[in-house]
Amino acid sequence: MSPLPLIWKLKRLLNIGSEKKSKEAIRVVDNVVMEMIGQRRRETATATTGLNKSDLLSRFMRSIEDDK
């Protein structure tokens, strides 16, 4: 949003203004997603019905080994 790339880079380096808000928002989203993945892993570990799900998260989880 800054008109000059230099201003944006300084804000990013110093972690101030909109860059600070962006980092906090990303951290919140990461936490929510990791909780959803953990919950889905627990569901599939305890029930066989979780293996038949075809939603996007289930498909993605079947295609990867590492949750991160």
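For the atom pair CZ (Arg41) and CE (Met34), the distance works out to 9.0 Å, reported to the nearest 0.5 Å. In this structure, CG on Asn15 lies 7.5 Å from CD on Glu24, to the nearest 0.5 angstrom.
In this structure, Asn31 and Glu35 have side chains that are not in contact, with every pair of non-hydrogen atoms separated by 4.5 Å or more.
Minimum heavy-atom separation, Lys11 to Ser18: NZ-OG, 3.3 Å.
The pair Glu43-Arg40 counts as a salt bridge, with a side-chain nitrogen and a carboxylate oxygen less than 4.0 angstrom apart.
With hydrophobic clusters built from ILVMFWY side chains whose heavy atoms lie under 4.5 angstrom apart, Val29 shares a cluster with Ile37.
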